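Read through the structure below, which is laid out as structure tokens, and then see the notes.
Predicted, not measured: the structure shown is a model, and the values here were computed from it. Note that the numbering runs from 1 along the sequence shown for the chain.
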Amino acid sequence: MIKIFALKIPGEIEPEIFLKWSTKVSKERMEKVSRFFRKEDAMRSLFSELLVRAVISKEFNIPNEEIKFTYNQYGKPSLKNSKSFFFNASHSGEWVVAIFHTAPIGIDVEKIRPVDIHIAERIFSDKEYQEILRKPREEQENYFFDLWSLKESYVKAVGKGLFQPFHSFSITPKNNGEIIFACNESPCRWFFKQYNLAEGYTLSACTIQAQFPEEVTLMDLEAIEQVI
């Protein structure tokens, strides 16, 4: 069964607390965190790995210090020495989310914000762009980010991230929750589900097995501290 967890990033953290949390993640993660210019980006990156580590430690009874990651050629992480465990994480705005399963999976959360809708013409498929234009103006931004998070969840599930062009496949979310997917793969068999995480956000998950949970499990810093 797929499991999805979400953590709302605290607004302010004292430097000494940030330093304490930084000792709980990998050296590679802290090197990445240190390169961020904006504090908010550093926090999202740090808590992304903290959430993944907390879930792995709690759900699979692996001490945090024994959790090691390896990365594919596109930078997607996986649990070292484990071929039947898959996870993926994403962050945007105040939220960090992570998904776990025994088959390839991907997840993406996006904070809905002002955007030039017409960039979809060169990023998305022609079908998707035309569908955006058919929407009432007040719905276009929400639909744009729905598409973005769905497409991002797919390219993360296949393990290529943005190395796979968004216009190389097409996704059509329906009002009844059905999501139609078209790609050049054979077979083209992936499943999607969207969740209402918080006002102003869109959250999408993708997997090759339709076993999605009904809800996202919320975690807090206290729960994370108890396990790592």
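- Linking ILVMFWY residues whenever their side-chain heavy atoms come closer than 4.5 Å, directly or via other members, places Phe145 and Ile179 in the same cluster.
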Please assess Phe47 against Leu7 for the test side chain to side chain contact (heavy atoms under 4.5 Å, CB included), listing each intermediate value before the final yes or no.
CA-CA 8 Å; Phe47 282 97; Leu7 168 70; 3.8 Å; yes
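- Looking only at distances, a side-chain donor or acceptor of Lys151 sits under 3.5 Å from a matching main-chain atom of Phe169.
- Pairing each heavy atom of Pro104 with each of Ala157, the nearest pair is CB-O, 3.8 Å.
- Heavy atoms from other residues, nucleotides or ligands lying under 6.0 Å from NZ of Lys20 number more than 12.
- Note on ring orientation: taking the six-membered ring where Trp is involved, the planes of Tyr154 and Phe192 are tilted (angle from 30° to 60°).
- Transitive grouping of hydrophobic side chains (ILVMFWY, heavy atoms separated by less than 4.5 Å) keeps Tyr129 and Phe166 in distinct clusters.
- Closest approach of Val97 and Ala6 over heavy atoms only: CG1-CB, 3.8 Å.
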Audit row: Asp126, Glu128, side chain to side chain contact (heavy atoms under 4.5 Å, CB included) steps and yes/no:
CA-CA 5 Å; Asp126 182 64; Glu128 291 165 335; over 6 Å; no
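- The shortest side-chain heavy-atom distance between Glu131 and Leu147 does not fall under the 4.5 Å cut-off.
- Under the 4.5 Å side-chain heavy-atom criterion for grouping Ile, Leu, Val, Met, Phe, Trp and Tyr, Met219 is not connected to Tyr195 through any hydrophobic cluster.
- Ile224 and Leu218 fall into different hydrophobic clusters, where Ile, Leu, Val, Met, Phe, Trp and Tyr are joined by side-chain heavy atoms under 4.5 Å apart, directly or via other members.
- Heavy-atom neighbours of Lys127 NZ from other residues, nucleotides or ligands within 6.0 Å: at or below the threshold of 12.
- Relative orientation of the Phe87 and Phe85 rings is tilted, given thresholds of 30° and 60° on the angle between their planes.
- With rounding to the nearest 0.5 angstrom, the CZ atom of Phe18 is 11.0 Å from the OG1 atom of Thr23.
- Annotation: cation-pi geometry not satisfied between Lys80 and Phe69 (NZ/CZ under 6.0 angstrom from ring centroid, within 45° of ring axis).
- A distance of 9.5 Å separates CG of Leu51 from CD1 of Ile56, quoted to the nearest 0.5 Å.
- The line from OG of Ser125 to CD of Gln130 is 9.5 Å long, rounded to the nearest 0.5 Å.
- Between the CD1 atom in Ile107 and the CG atom in Asn88 there is a gap of 7.5 Å [rounded to 0.5 Å].
- Between Leu79 and Ile62, some side-chain heavy-atom pair lies under the 4.5 Å cut-off.
- A donor-acceptor pair is defined here as one N or O able to donate and one able to accept, closer than 3.5 Å; no such pair exists between the side chain of Asp146 and the backbone of Pro173.
- Taking 4.0 Å as the cut-off between side-chain N and carboxylate O, Glu152 and Lys156 do not count as a salt-bridged pair.
- Note: Ile228 CD1 to Asn64 CG = 5.0 Å, rounded to the nearest 0.5 Å.
- Checked by atom type, the side-chain pair Ser153/Ser204 shows no donor-acceptor distance below 3.5 Å.
- Lys24 has no carboxylate O lying under 4.0 Å from a charged side-chain N of Glu49, or vice versa, which leaves the two without a salt bridge.
- Within the 4.5 Å cutoff, the side chain of Glu225 has heavy atoms near those of the Trp21 side chain.
- No chain of hydrophobic side-chain contacts below 4.5 Å, direct or via other Ile, Leu, Val, Met, Phe, Trp or Tyr residues, connects Trp190 to Phe86.
- Within the 4.5 Å cutoff, the side chain of Pro213 has no heavy atoms near those of the Lys193 side chain.
- A donor-acceptor contact under 3.5 angstrom links the side chains of Asp108 and Ser90, judged on distance only.
- Within 6.0 Å of the CD atom in Glu215, the count of heavy atoms belonging to other residues, nucleotides or ligands does not exceed 12.
- Note that the OG atom of Ser149 and the CD atom of Glu110 stand 6.5 Å from one another [nearest 0.5 Å].
- Minimum heavy-atom separation, Ala205 to Ile99: CB-CD1, 3.8 Å.
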Given the rule in the salt bridge (charged side-chain N to carboxylate O under 4.0 Å, His left out) test, do Glu94 and Arg44 qualify, once you have shown the distances and angles that lead to the verdict?
CA-CA 8 Å; Glu94 298 179 309; Arg44 282 189 282 264; over 6 Å; no
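- Residues Lys3 and Glu59 form a side-chain contact, since some pair of their non-hydrogen atoms from C-beta on lies under 4.5 Å apart.
- Ile208 and Phe191 make their closest contact through O-CE1, 3.5 Å (heavy atoms, listed as atom of the first residue, atom of the second, distance).
- Here the closest non-hydrogen pair linking Ser92 and Tyr201 is O-CE2, 3.4 Å.
- Shown here is Arg137, whose CZ atom has no more than 12 heavy atoms of other residues, nucleotides or ligands within 6.0 Å.
- Among all heavy-atom pairs drawn from Ile4 and Ile2, the shortest one is CG1-CG2, 4.1 Å.
- Residue-environment remark: CD (Glu65) exceeds the threshold of 12 foreign heavy atoms within 6.0 Å.
- A 4.5 Å side-chain heavy-atom check between Leu221 and Pro10 finds at least one atom pair inside the cut-off.
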Could you go through the side chain to side chain contact (heavy atoms under 4.5 Å, CB included) check for Phe5 and Val216 one step at a time?
CA-CA 6 Å; Phe5 296 83; Val216 174; 5.7 Å; no
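- More than 12 heavy-atom neighbours from other residues, nucleotides or ligands sit within 6.0 angstrom of CG on Asn176.
- You'll find the side chain of Thr202 reaches within 4.5 Å of the side chain of Gln194, heavy atoms only.
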Between Met1 and Thr102, is a side chain to side chain contact (heavy atoms under 4.5 Å, CB included) present by the stated rule, with each step listed?
CA-CA 8 Å; Met1 182 69 176; Thr102 56; over 6 Å; no
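- Under a cut-off of 6.0 angstrom, the local environment of CG in Asp116 is crowded, with over 12 non-hydrogen atoms contributed by other residues, nucleotides or ligands.
- The distance between the ring centers of Phe124 and Phe144 falls below 6.0 angstrom.
- Figure legend: cation-pi geometry between Lys135 and Tyr143, with NZ or CZ positioned under 6.0 Å from the six-membered ring centre and within 45° of its axis.
- More than 12 heavy atoms of other residues, nucleotides or ligands shown are found within 6.0 angstrom of CG on Asp220.
- Checked against side-chain contact (heavy atoms from CB on, under 4.5 Å), Glu31 has the following partners two or more places apart in sequence or in another chain: Lys27, Arg35.
- In this structure the side chain of Phe36 reaches within 4.5 angstrom of the side chain of Ser45, judged on heavy atoms.
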